[in-house]
Amino acid sequence: MSYEQIKVETRGPVCLITLNRPEKLNAWTPDMSRELGQAITAANEDEDIGAIVMAGEGRGFCAGADMSYFQTNIDASETKAHKRDGGIDWITLIRSSKPCIAAVNGPAFGIGVTQILPFDMIIASTAAKFGLVFVKVGIVPELASSHFLIQRVGWGKAHDLLLTARPVSGEEAVTIGLADRLSEPDALLDDALALADQMAANPSPMLRMTKELLSANACDPDTTRIQAREHEALELCYTLPEHKEAVAAFSEKRKPDFKAARHKAQARID
């Protein structure tokens, strides 16, 4: 599939998606969102891909929504959320996806930040800047960021970032929990790909089920309900070839081959 506003590459078991509007600091558009949705969906359907890394071309990660696009392409009747997000359910896509890692190389503002808050890991370059600038442009946060931001940084810091709209450096982002790791600019992409490789070595069904458990249980105070979800997922895992392969590999003191186990199980069904 060809794309106009992103680039997609395969780096071993990792799908590398690069926002590709460097002349606009990779400013977000609904077309970019649709392309991202298509690329992530394709990666999820590709059994050779185990994880996804998203980066930015040039000196920026994503400078927020492209205001010139909205001024020329969207009128007052088209400001509903389904128009702004490119017509996809971004949160559901990301939280049900294979592991997603954001490699933030430079400025990330507005939706450039909120679109990666539900990612599994955010790695910031020392050259990165993060800004939740919604109030400065007369709007409010979106993409469930008023939920995910509190989960990442806590109540007080979420209010600080959203109500002052001040930019924070990559270093501060890691300190307050907005980002998870810090890398030097020249090492950022390699660090993100290495982390993705580490995640991709694990069986994909279990990675995705674990993400779903984290999403469902993070804010649920009912531990009985939480354990019920975990028990249901565990019961399913026990029936799947990946678990059986892991047990066999442990007993035989060898590295598990989850893909081969899945193919063998599928061949028996066929």
Side-chain angles (χ1 to χ4, degrees), residues 1-3 6-18 33-55 85-103 115-116 118-121 189-190 192-218 220 225-270:
M1 183 178 293
S2 62
Y3 302 100
I6 65 173
K7 295 191 300 184
V8 179
E9 307 169 58
T10 299
R11 300 284 186 94
V14 179
C15 175
L16 172 60
I17 301 174
T18 305
S33 183
R34 278 187 284 272
E35 290 186 3
L36 286 170
Q38 292 166 355
I40 292 170
T41 299
N44 285 333
E45 293 172 352
D46 186 342
E47 66 175 15
D48 292 327
I49 295 298
I52 299 161
V53 170
M54 193 165 90
D85 65 17
I88 63 172
D89 184 346
W90 181 254
I91 303 303
T92 299
L93 175 65
I94 297 303
R95 294 311 307 156
S96 64
S97 174
K98 294 172 181 178
C100 294
I101 299 167
Q115 68 179 339
I116 61 173
F119 274 41
D120 305 299
M121 297 284 287
L189 188 56
D190 286 341
L193 291 169
L195 178 59
D197 272 330
Q198 193 174 1
M199 293 180 179
N202 297 307
S204 188
M206 288 71 198
L207 289 170
R208 297 176 79 172
M209 279 190 274
T210 298
K211 286 184 58 170
E212 289 171 1
L213 285 172
L214 289 169
S215 297
N217 295 340
D220 191 341
R225 192 162 52 218
I226 289 170
Q227 290 184 90
R229 292 190 190 106
E230 292 169 343
H231 180 75
E232 182 181 3
L234 270 172
E235 288 297 313
L236 176 58
C237 286
Y238 293 145
T239 70
L240 296 178
E242 288 82 3
H243 170 66
K244 296 171 184 176
E245 168 64 8
V247 172
F250 179 81
S251 301
E252 297 163 11
K253 295 181 172 57
R254 61 173 174 81
K255 184 178 179 180
D257 188 338
F258 297 117
K259 188 188 300 184
R262 169 64 62 173
H263 285 169
K264 187 175 179 180
Q266 188 61 47
R268 284 197 296 266
I269 294 172
D270 296 340

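Every value quoted in this text rests on a predicted model; they were computed, and no experiment measured them.
No donor-acceptor pair closer than 3.5 Å links the side chain of K98 to the backbone N or O of S204. Side-chain N or O atoms of D120 include none that pairs as donor or acceptor with a backbone N or O of I101 at under 3.5 Å. E35 places a side-chain N or O within 3.5 Å of a backbone atom of I6 that can act as its donor or acceptor partner. Side-chain atoms of T239 come within 3.5 Å of backbone atoms of L236 as a donor-acceptor pair (strictly under, hydrogens ignored).
Note that CZ of R11 is 10.5 Å distant from CG of D197, once rounded to the nearest 0.5 Å. Atom OG1 in T41 sits 8.0 Å away from atom CD in Q38 (nearest 0.5 Å). Here Q266 contributes atom CD and R268 contributes atom CZ; the two are 10.5 Å apart, rounded to the nearest 0.5 Å. If you take CG on L195 and CG on D190, they are separated by 12.5 Å, rounding to the nearest 0.5 Å. With values rounded to the nearest 0.5 angstrom, I91 atom CD1 is found 10.0 Å from Q115 atom CD.
Around CD of E212, the count of heavy atoms belonging to other residues, nucleotides or ligands within 6.0 Å exceeds 12.
Of all heavy-atom pairs between P205 and R262, the closest is CG-NH2, 3.7 Å. Minimum heavy-atom separation, F258 to A246: CE2-CB, 4.0 Å. Closest heavy-atom contact between D220 and I226: O-CD1, 3.1 Å. Across all their heavy atoms, V53 and A192 have their closest contact at CG2-O, 3.8 Å. Residue A233 comes nearest to L213 through the heavy atom pair CB-CD1, 4.2 Å, listed as atom of the first residue, atom of the second, then distance. For the pair I88 and S33, the tightest heavy-atom approach, listed with the atom from each and the gap, is CD1-O, 3.6 Å.
Inter-residue side-chain proximity for E242 and P256 is flagged as unmet; no heavy-atom pair is nearer than 4.5 Å. For the pair M199/V14, no side-chain contact is recorded, criterion being any heavy-atom separation below 4.5 Å from C-beta on. Under the 4.5 Å side-chain criterion, counting only non-hydrogen atoms from C-beta, L93 is in contact with W90. Looking at C100 and M54, their side chains never come closer than 4.5 Å, going by heavy atoms from C-beta outward.
Each of N44, D48, V8, T10 was scored for a side-chain contact (heavy atoms from CB on, under 4.5 Å) with C15, with one residue passing: V8.
Electrostatic pairing of R254 and E245 counts as a salt bridge here, judged by a charged N lying under 4.0 Å from a carboxylate O.
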**Prompt:** For I40 and I94, what are the C-alpha separation, side-chain angles and deciding distance, and is it a side-chain contact (heavy atoms from CB on, under 4.5 Å)?
**Reply:** CA-CA 8 Å; I40 292 170; I94 297 303; 3.8 Å; yes
task: Mind running side-chain contact (heavy atoms from CB on, under 4.5 Å) on M206 and L240 for me, showing each step along the way?
output: CA-CA 10 Å; M206 288 71 198; L240 296 178; 3.8 Å; yes
